[in-house]
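Working notes, structure below.
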Amino acid sequence: MKKLFVPLIGQHDPEDPTELERPALEAACSLARRLESHVEAVSLIEPPAKARKGWPFWLPGAGMSQMCDMLDAASEVRRKHAAASFDAVMAEHDNAPLQTAEPTPGFTAHFAEIVGDIEHTIGPLARLSDLTVLSSPRASWAEPFTPLVRACLTDTGRPVLVAPMEAASLATHAAIAWDGSEAAARTLAVGLALLKLSTKITVISAEESGKPDRNPEDVVEYLAWHGLSAVAVSVPVDGEAPDKAVYDTALDLGSDLLFLGARLHTGAHRIFYGSMTERVLNEPRIPALLA
């Protein structure tokens with residue numbers, strides 16, 4: 001992994017404006033330093049509201065001009081907070097990256113601002129990166145996947161690392177949530193570079209009857225072909241949701257990076273069967289790699 005992409009939208013807490021997007025920048029820098037890679041931080045700026053097409057002809061006279069001014073002012077505030085978050089993280093480290101946009105060996109970083117909405121901007125940027133790094137979103141029960149998270153998971157074809165607000169370490173003890181699915185296999189394949197950073201790897205599967213393809217020992221054998229040593233853990237479900245059993249086990253073991261096959265389920269599916277993807281977003285206590 002040589003190019004890590006960090007999209008910034010300027011989300012902020014008025015009491016600590018640089019706090020909410022700091023985890024993504026810190027996680028990206030932590031990995032890039034160890035991988036000798038590049039961090040490309042891009043601030044996404046909404047197009048000016050007054051330049052938008054399609055307003056009904058009568059709206060400007062009904063306060064729409066003032067509304068556009070408010071939207072543009074809020075966008076400018078978010079733009080400034082995104083830049084401030086990047087500057088704050090760069091200033092914190094003694095071993096700061098070389099700031100350059102040119103392909104250069106070693107640990108480098110670059111900050112850019114691009115005007116465009118999430119729907120049309122994220123895909124083209126992330127597809128030419130090896131990993132997208134996000135801060136844990138402030139999700140809700142009704143819609144756990146914010147527009148930024150959804151775009152990164154569905155429109156890029158690249159893995160996504162979601163960093164929680166507080167993480168003491170990253171990628172020293174990796175936990176692989178294995179259910180034998182294509183999504184889990186995809187995450188495992190794209191994350192091999194991160195597994196090689198880890199000093200400990202645990203493969204965790206829920207014990208569910210009738211699903212023999214979930215044997216974690218098979219993953220241990222696969223990783224051995226890559227020169228990686230891992231241990232397998234099978235978790236009894238005992239009436240609880242399999243995703244919760246696996247997630248709680250990863251937390252209990254002290255893992256600091258969870259490999260997870262990403263799935264975006266319907267609301268009804270999440271209610272009756274649970275969703276590991278939703279769980280790591282709604283209960284962000286461990287960095288998670290999703291693909």
Side-chain angles (χ1 to χ4, degrees), residues 3-29 38-90 99 101 109-129 131-140 142-158 160-163 165 264 281-282 284 290:
K3 186 179 180 184
L4 312 185
F5 170 51
V6 184
L8 303 173
I9 57 175
Q11 59 177 337
H12 59 278
D13 182 337
E15 296 184 2
D16 189 350
T18 66
E19 176 189 11
L20 298 186
E21 294 190 316
R22 182 191 301 265
L25 289 163
E26 290 181 340
C29 286
H38 177 71
V39 175
E40 185 69 16
V42 177
S43 173
L44 303 180
I45 303 170
E46 283 285 330
K50 289 185 178 179
R52 297 174 187 173
K53 305 297 183 182
W55 296 118
F57 72 92
W58 50 269
L59 280 178
M64 186 51 65
S65 178
Q66 291 86 342
M67 178 64 70
C68 288
D69 289 338
M70 292 174 60
L71 291 172
D72 288 341
S75 180
E76 176 63 11
V77 169
R78 296 173 77 92
R79 184 192 71 81
K80 290 181 178 179
H81 284 314
S85 296
F86 178 83
D87 291 340
V89 171
M90 293 300 107
Q99 295 199 35
H110 179 246
F111 177 81
E113 295 180 336
I114 293 180
V115 176
D117 55 36
I118 290 173
E119 180 182 358
H120 298 98
T121 307
I122 286 293
L125 290 172
R127 289 173 202 145
L128 294 177
S129 302
L131 177 68
T132 298
V133 186
L134 304 175
S135 295
S136 295
R138 289 190 167 180
S140 68
E143 183 52 62
F145 307 109
T146 67
L148 181 61
V149 171
R150 182 175 291 275
C152 289
L153 291 178
T154 62
D155 298 341
T156 68
R158 310 300 288 166
V160 177
L161 175 67
V162 181
M165 289 300 165
L264 276 65
L281 294 174
N282 282 346
L290 303 98

*Look up atom CG in L8 and atom CG in L44, then write down how far apart they are to the nearest 0.5 Å.*
7.5 Å
So which heavy atom on [X] is nearest to which on [Y], and how close?
| X | Y | value |
| --- | --- | --- |
| S129 | F5 | OG-CB, 3.3 Å |
| A112 | H110 | CB-CE1, 3.8 Å |
| A126 | R158 | O-CG, 3.2 Å |
| V133 | A24 | CG1-O, 3.4 Å |

*Less than 4.0 Å between a side-chain N and a carboxylate O, is that true for R22 and E19?*
no
[X] side-chain N/O to [Y] backbone N/O, donor-acceptor pair under 3.5 Å:
| X | Y | result |
| --- | --- | --- |
| E21 | I9 | yes |
| S75 | L71 | no |
| S136 | A163 | yes |

*Result of checking D155, L148, T154, T132 against I122 for side-chain contact (heavy atoms from CB on, under 4.5 Å)*: L148
Hey, are the side chains of [X] and [Y] touching, using non-hydrogen atoms and a 4.5 Å cut-off?
| X | Y | answer |
| --- | --- | --- |
| L134 | C152 | yes |
| I114 | V42 | yes |
| M90 | C29 | yes |

